[in-house]
Each structure stands twice: as C-alpha cells, then as structure tokens.
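Read through the structure below, which is laid out as structure tokens, and then see the notes.
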Amino acid sequence: ALRPLLRDADPAGPAAARLALRALAAVSLVAWVSLAVQVRMLIGWKGIAPVQTLRINLRAQDPWLGLSDFPTHFFFDTSDTAVLAGCGVGIALSALALLGLLPRLLLPLSGLLYLSHHAGTGVFLAFQWDNLLIEASLLAALLPTRGRAPAGPPARGADRLGWWGLRLLLFKLLFESGLAKLLSPRGDWLDGTAMQHYYETAPLPTPFARAFHALPAAWHRAESWATLAFELVLVWGIFGGRGPRRVVLAALLGFLALDGLTANYGFFLVLTAALGLSLVGESRAAGLEDRLRAWVGRAPVAPVPPAPAALRRGAPLATGLVLAAWTALSLQAALAQFAHVDPATALRLAARKARVANTYHLFASVTTTRDEPEIQVSENGVDWTALVLHHKPGPPDRAPSFLPLHMPRVDFQLWFQGLSWRHKTPPWVAGLLGSVCHHPNALAALFVTPLPADPSHVRIVYWDTRFTAPGAADWWTRTPVHTTDPIPCSRLQR
C-alpha cells in the first residue's frame, strides 16, 4: 500500500538542479554583500578584531607559522584592501554563478573563499548558518546541470546520486536540531514551554514578535511540540517519493515563514529554503524555468544529447565516493555531538576545521531572560552617554528592526555576550570597547548615537529587557541588572 506513496514519480533532474544552483548563488551573493558592508569594522586595521593583530599573535606563538596553521588568504596580506577585495571576489563569484556561468565550479570556489574569511574573522563568521553555506556551496559541485534531458526514462547514475548531498544536508540540519531539542537538559521543548520565551528572547526579534509572544500558553505548547514533530518525524519524508517530499517542503516553508516574520537571522532562512528546492521534482522545476525564461524573453532550454559513455560510467563512482566520505564524516560528528562516541577524533577535528561536515543544534534550549548589554562612554568619567546600536533593543519606545536578509554581526554577537557576561568577557568585547575609545570614526556606522571624538572612559550596563503588552506605547521594559566599573580608555589596546 505504501509503494505508490513512496515511488519517486518525478525525480529531480537538470532543470531542478539549475533552480537550486541559482537559489544557492543568490543566497551566497546576499551573504557576501552583507559581510562586505561591515567587514572593515570587524577585522580591518581599526576594527574590533584586526586580522593583522591575529596574524601577529599567531606568529609570536609560532615563528614558523605556515599556511596550514593559518589557512586563509590573509596569511599573505592583511591590509584593509585585502579584507575588502576578498568580499569583492566572493560577490563576483556568486553573481556569475547566479547568471548561470559555471555554477558547479564557482559556488565551491565561493565556499572555499568564505572558509578562508572565517579563518581570519573568527567569532564573527562562526554561526551555524555560515557553516551551512560552506557545506551547501561545496556540495553544489555534485548537482547535474547538463541541460533538459530528452524524453525517456528518468535520469539515473550521477544525475540522481548528486541530489542526495543537498537532501542529506537539509535532513542533517533539521533532524540534528530536533535531536538537540529532544535531549535538552531543560526539557523545555518536551514540556512545551520553549516557545513561551522564544519570541521575547530571540537574538534579533522583529516588530511582529511581540504579538506572537502574547499568544496563549496553549498555543506556545502546540508550537513547541509541532517543531519536534516536524524535525524528528516528518523530516524523514525527504527520503520518500514525490508526495512525502511535497509535505516536507510545505511544512518547511511554513516554519521558515513564521521564523522570518518574528526574528532576524540574516540569510539563514533563505539558505534553508534554497536547500528545500532539492525536494522539487523535475517536471515542476522545468515548468517554472520555462515560465521564468519566457518572462525575460529567452527561449526554453533545449534537450541535449547524453554525456559520453565513459563519463557516464565514471561520474556515479566519483560522486558516490565523495558523498560516502562526507556522509561518514557527518555521521561521526553527529555521534560525537549527541552520543559522545568519537572513534576518530583527529579526523573529526580536521573535518570541523575545514567546515565540511558540521553538526547543527539550533535552539537546543530557549533562554528565558534577556540581558541586553549597552555600551556607555564618558568624556570625564562622570557623565555617561549610551551608545545605541541600530538593530538591538535599546530605547524602550523604539520598535525592533526588520531585516529580511542582512545579518549585523556585532549586534548578533552581543546577544551571546548578554548570556555569558556573568562568566567571561571574550577578547572581541575588549576590542569593541578599545575601538570605541580610540577609533570611533571606524565604528560610527554601528551606532545610532554619534560617538564622541575623544572619550576618557567606557563601561557596559546590562539591562533585563522584556516585551510590553501589545498596543502599549513602549515596546520594552528595562531594568538594570549590572554595571561594570568604568574602564579608562588609556588601559584599552589601540
């Protein structure tokens, strides 16, 4: 009885591959542009964590520092020109792939360049969706794009096998995130309380989050359990035929729409949607492609002859070996993360360093409070001015931002600082304070508040921040939790 349901009546093929590759290229382009507009503030010479300082410190620790120890193009040049040029090359690679020029080559090159930027950018490029972009870009090389296949039997061999990379990546993202929720030590997803706090404590909520936060507790319990059901049970439909895949895709797009409406995650949601296109069948993708080409005045894609016999025989083997190696590395990383079984630690660490086989554990537990860090500066050590970031909860009467694609990385990282300030202060926070003191012009774009040219002291005030009731004049209520001692700017590194 299940055979008609599980039969793949519309397998993905070249048209679906072109659709997925264009979507991945568009996401990659967005990611590069978002990074380019803030990269000098992050790792430029006068930025928060200068890549020049990173290279100097690494060489001080190891005078024989080699490219394998610092695998990035910043090994050769750490100037601001190199910082910006790297993003420019990434933008060009993604744009050419979006136009359909050698996407299976240019997207992996873009992914490798993104990995190179991660080595020099560190914490600011270490989000799970940065890893996801690198993995997806590399797996894009396996997709078939030879053209519209002539009428006949469904595509087989490498054309079918290449799809499993993106489908397995989507499954890994969703199932591992669901597993992390199921194993949460707080048990907040199982008892249904997770979503009672999520909308209020998400890193960068949108204006719609307040209304969702005010929904009844019964609704939030249903959301929590529906998330577990989708990520742990329904997601297995990825491996089914056309019917189960459509159900998974519809549920995925519904979850992503709700997430995008209530919280800002940069390019993560559209990247996940792009991976969801791996579930689209060939006939539907071909019809969409023809409509898009007709809209721009271009002829439909013509059928092409099959590849040479030798290539058809060799491609499935090469593709299969790559997928088998990547799947094995992913499985090992998952066992180490969730089962604490690690039979080949060195191999796993090498794969993690290369970001080619990552684990995902999005919102394993939802935080119940929001301690917002607010940087304050003084020119005399007595009178203080709060520096308001563009996209963080700040003045109580200011609505949250709505950023469908851009990811402000300093704003986002400060959310993590709000979680851990009682335990540690990471080096980048000290770098941020030092740049505020000594290079205010370099960071001016981060803040709504004009930075004083020559401050004498800086400090951080932490505020317990919560939503007001829908319809209230103010958006937030704020209660001070902790104020650090004033730090003389003379004590902070230039």
Kindly indicate, with the supporting measurements, whether the criterion side-chain contact (heavy atoms from CB on, under 4.5 Å) is fulfilled by V388 and F447. CA-CA 5 Å; V388 179; F447 300 99; over 6 Å; no
Considering all heavy atoms of both residues, which atom of [X] and which atom of [Y] are nearest to each other, and what is their separation?
X	Y	value
F212	T262	CD1-CG2, 3.6 Å
L432	V410	CD2-CG1, 4.4 Å
S34	V37	O-CG2, 3.2 Å
N380	V382	OD1-N, 2.8 Å
A202	A263	CB-CB, 4.3 Å
P395	W476	O-CD1, 4.0 Å

Hey, can you tell me if [X] and [Y] have their rings parallel, tilted or perpendicular (30° and 60° cut-offs)?
X	Y	result
Y265	F268	perpendicular
F412	W415	perpendicular
H406	H391	perpendicular
W421	Y462	parallel
W45	H439	tilted
F467	H213	tilted

T193/R221 under side-chain contact (heavy atoms from CB on, under 4.5 Å): CA gap, chis, key distance, verdict: CA-CA 6 Å; T193 60; R221 285 194 295 271; 5.9 Å; no
Test side-chain contact (heavy atoms from CB on, under 4.5 Å) applied to R348 and D342, step by step: CA-CA 8 Å; R348 177 182 60 82; D342 196 4; 2.8 Å; yes
Hey, is [X] close enough to [Y] for a salt bridge, meaning N to O under 4.0 Å?
X	Y	result
R40	D80	yes
D464	R478	no
E200	R370	no
R55	D77	no
D191	R186	no
R355	E135	no

Are more than 12 heavy atoms from other residues, nucleotides or ligands located less than 6.0 Å from atom CZ of R352? no
Return the [atom1] to [atom2] distance between [X] and [Y], rounded to the nearest 0.5 Å.
X	Y	atom1	atom2	result
R422	D371	CZ	CG	5.0 Å
E379	T385	CD	OG1	7.0 Å
L35	F124	CG	CZ	11.5 Å
T483	R459	OG1	CZ	5.5 Å
L109	L96	CG	CG	11.0 Å
L65	I56	CG	CD1	12.0 Å

Quick check: does any side chain N or O of [X] sit under 3.5 Å from a backbone N or O of [Y], one acting as donor and the other as acceptor?
X	Y	result
S435	G431	yes
T206	L261	yes
Q38	R409	yes
S79	A82	yes

The test is side-chain contact (heavy atoms from CB on, under 4.5 Å); show your working for V27 and V30 and say whether it passes. CA-CA 5 Å; V27 175; V30 167; 5.6 Å; no
Given ring-ring contact (aromatic ring centres under 6.0 Å, His included), test W236 with F171 step by step and report yes or no. CA-CA 8 Å; W236 289 91; F171 175 82; 4.7 Å; yes
Under the criterion ring-ring contact (aromatic ring centres under 6.0 Å, His included), I'd like the reasoning laid out for W225 against H220: C-alpha separation, chi angles, the key distance, then a yes or no. CA-CA 9 Å; W225 295 331; H220 293 311; over 10 Å; no
